[in-house]
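Structure first, commentary second.
Below, read A as the first sequence line, B as the second, and so on, with proteins coming before strands; counting in each chain starts at 1. Worth saying up front: this structure is predicted, and the values here are computed from it rather than measured. In what follows, every heavy atom counts, from backbone to side chain, and hydrogens, waters and symmetry copies are set aside.
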There are 2 protein chains.
Amino acid sequence: MFAKWKAELSICPLFAGIAPEELQIMLACLNPEVRRYQKNELVTVEGEKFLGVGVVLAGRAIVTKESVAGNRVILSSLQPGDLFGEMVAFSGRKGWPATILAQQDAAVFFLAPEKIIGNCPRQCGSHRRLITNMLRIVSQKALNLNRKVEHLTIKTLRGKIAVFLLEQAKEAGAMTFMLPFNRNEMAEFLNVARPSLSREMGRMKAEGLIDFHGASVKILDAEALKRMAE
Amino acid sequence: MFAKWKAELSICPLFAGIAPEELQIMLACLNPEVRRYQKNELVTVEGEKFLGVGVVLAGRAIVTKESVAGNRVILSSLQPGDLFGEMVAFSGRKGWPATILAQQDAAVFFLAPEKIIGNCPRQCGSHRRLITNMLRIVSQKALNLNRKVEHLTIKTLRGKIAVFLLEQAKEAGAMTFMLPFNRNEMAEFLNVARPSLSREMGRMKAEGLIDFHGASVKILDAEALKRMAE
DNA sequence: TCCTTTTGGTAACCTAGGTTACCAAGCTTT
DNA sequence: AAAGCTTGGTAACCTAGGTTACCAAAAGGA
């Protein structure tokens with residue numbers, strides 16, 4: 001039944017490390033609920049009863065949320081193999097945190113949380129792998145959000161840039177590295193205005209703190225950057 | 001062996017919903033490693049090999065981290081029943097994300113991730129409950145961090161206040177409610193300066209948008225606040 | 001009851017950084 | 001090769017909001 005979506009399922013992080021044959025057997029056991037949607041149909045409605053972790057099998061959808069201002073905001077898009085609802089599945093919340101809209105005819109399955117955790121007749125490695133995957137996915141989300149909070153709480157523009165560059169240097173293990181973002185993306189990540197980012201990086205260059213050509217950056221005065229990062 | 005810490009363990013969220021007798025049996029099975037520390041001894045060292053999810057059994061400790069500036073920052077404090085290391089346990093990371101320092105003589109146990117997930121001889125409800133608890137804890141952290149990111153990415157001070165107050169009203173189910181923070185805490189949560197927060201709330205009051213006396217707040221013009229929250 | 005501390009509000013001052021518009025260089029498409 | 005688009009940098013302008021210092025009211029402790 002799920003064999004037709006073999007390729008899509010194999011790239012879903014929830015099923016990472018599970019052999020295709022094993023996956024088919026496990027899904028037959030777990031028996032997730034497949035639902036189909038036509039273009040522009042609602043897959044989930046914010047606040048309505050949560051059905052389970054969702055996996056997109058076919059088609060495309062967008063995740064939207066209503067801001068407190070009453071505007072609908074697009075948070076992300078989903079394509080085959082993508083997961084959704086994983087952060088709320090075990091959180092104790094009962095309703096969907098966002099509204100998902102099919103942008104093409106789509107197929108999705110929903111895997112109830114208690115099925116992920118539950119006792120299946122075969123206590124196989126695959127089931128344990130499913131649980132481990134679930135934990136890894138949510139943990140990595142939490143760590144990424146934690147890092148984002150750390151960046152966002154820095155008060156000054158120069159402080160944000162300094163911390164970001166020092167972090168990149170640490171990860172690269174060198175004082176010369178390639179930025180993983182273009183300017184627009186870097187500005188968005190740091191939650192600052194692109195022209196302001198440009199201006200400040202230019203000033204830092206003029207002061208001999210850094211040098212850069214496009215995405216290539218070299219830290220010239222790490223100690224000074226560290227002082228700014230405080 | 002763990003009976004002496006019965007009270008501490010019963011308040012640990014990792015063991016929520018597990019009967020004390022069941023817990024003792026399960027711990028005998030899981031066999032976490034208990035370690036004792038003297039005051040000022042290091043419980044964990046940032047970057048060093050992760051041993052497992054930690055639970056404080058006795059004593060107190062502080063969680064610290066070295067900023068990119070090289071300063072040691074206190075992130076939080078730990079007391080009996082508190083959990084630590086839960087976000088990295090299943091994330092794939094190998095090292096401790098922070099340094100923990102005992103502030104009193106302390107006892108801690110470490111529960112290896114594979115033991116939480118692993119096949120114990122008794123596939124009991126308690127073990128499944130442990131896994132569910134783990135998922136709930138990490139999920140709730142992720143959701144809290146997500147909320148914090150949402151607040152921090154708002155650009156203007158007035159926007160931050162508007163969103164915060166609209167959110168409080170929604171949770172209270174009324175346009176009059178008590179703030180859950182004092183001014184200092186609210187300023188810290190919104191990452192703004194306390195006098196600025198005070199000034200702006202005063203202006204919003206003068207403009208007839210809200211009314212407040214201390215922690216008691218009443219929204220007078222929700223539509224205007226919604227426009228500001230965009 | 002009195003003293004101390006905490007909390008919340010205010011004002012003056014100043015600059016950090018957002019906004020807007022524009023432009024050149026580089027890249028992509030026709 | 002030329003046209004169109006994206007990216008990165010710049011400058012002028014302006015105000016939002018941080019900082020500092022201070023103070024009154026309220027709360028807590030002796």
Side-chain angles (χ1 to χ4, degrees), chain A residues 69 148 150-165 168 176-220 224-225 227-230, chain B residues 69 149-165 168 176-220 224-225 227-230:
Chain A
K148 198 160 185 177
E150 282 176 11
H151 280 278
L152 288 170
T153 51
I154 296 164
K155 296 287 202 174
T156 65
L157 169 57
R158 184 168 282 216
K160 289 183 172 187
I161 296 171
V163 168
F164 183 79
L165 296 181
Q168 294 301 310
T176 303
F177 50 86
M178 297 294 289
L179 289 174
F181 298 134
N182 68 20
R183 287 295 184 275
N184 226 44
E185 291 161 341
M186 186 174 168
E188 190 175 333
F189 179 82
L190 298 177
N191 200 41
V192 300
R194 186 191 58 78
S196 310
L197 172 64
S198 226
R199 180 178 56 201
E200 200 61 33
M201 283 182 73
R203 287 175 180 161
M204 293 168 86
K205 184 177 182 179
E207 290 170 38
L209 305 176
I210 61 175
D211 198 13
F212 63 84
H213 298 92
S216 178
V217 173
K218 182 175 183 180
I219 290 179
L220 301 174
L225 288 195
R227 284 195 292 278
M228 285 164 198
E230 282 169 15
Chain B
V149 166
E150 282 176 12
H151 280 278
L152 288 171
T153 53
I154 298 164
K155 295 287 201 175
T156 65
L157 170 56
R158 184 169 281 216
K160 290 185 172 188
I161 297 170
V163 169
F164 183 79
L165 296 182
Q168 292 303 310
T176 304
F177 49 87
M178 297 293 289
L179 290 173
F181 298 134
N182 68 20
R183 287 297 182 272
N184 227 44
E185 290 162 341
M186 186 175 167
E188 190 174 332
F189 179 83
L190 298 177
N191 200 40
V192 302
R194 185 193 58 77
S196 311
L197 172 64
S198 226
R199 179 176 58 201
E200 200 61 36
M201 282 181 74
R203 287 175 180 161
M204 292 167 86
K205 183 176 182 181
E207 290 170 37
L209 306 176
I210 60 174
D211 198 12
F212 63 85
H213 298 91
S216 177
V217 172
K218 181 175 184 180
I219 290 177
L220 301 175
L225 287 196
R227 285 194 291 278
M228 286 162 198
E230 283 168 17

Under the side chain to side chain donor-acceptor pair (under 3.5 Å) rule, collect the residues that match up with B:E200, sequence neighbours excluded.
B:R158, B:R203
Residues at least two apart in sequence or cross-chain that pass side-chain contact (heavy atoms from CB on, under 4.5 Å) with B:S198, listed by chain then number, are none
Whole-Å distance between D:dA27 C1' and B:N182 CG?
13 Å
State which residues pass side chain to side chain donor-acceptor pair (under 3.5 Å) with A:R194; sequence neighbours excluded, sorted by chain then number.
none
Not counting sequence neighbours, list each pair that qualifies as a ring pair (Phe, Tyr, Trp, His ring centres under 6.0 Å) and has a residue in residues 182-201 of chain A.
A:H151-A:F189, A:F164-A:F189, A:F181-A:F189
Whether each nucleotide of nucleotides 9-26 of chain D has a protein heavy atom under 4.0 Å at its base (B), only at its sugar-phosphate (S) or at neither (-) is summarised, 5' to 3', as BBBB----BBBB------
Whole-Å distance separating the CG atom of B:L179 from the C1' atom of C:dT7:
14 Å
Test side chain to side chain contact (heavy atoms under 4.5 Å, CB included) on B:L190 and B:L157; report intermediate values, then the result.
CA-CA 8 Å; B:L190 298 177; B:L157 170 56; 5.8 Å; no
Is the CD atom of A:E185 crowded by more than 12 outside heavy atoms at less than 6.0 Å?
yes
Per the end-axis method with five pairs at each terminus, what is the bend angle of the helix from C:dT1-D:dA30 to C:dT30-D:dA1, to 10°?
60°
A:E207 side chain to A:M204 backbone, donor-acceptor under 3.5 Å
no
When the distance from CD of A:E185 to P of D:dT6 is rounded to whole Å, what number comes out?
14 Å
Main chain of B:N191, side chain of A:K155: is a donor-acceptor contact present, judged purely on distance under 3.5 Å?
yes
Here the distance between atom C1' of C:dT6 and atom CD of B:E188, to the nearest Å, is 16 Å
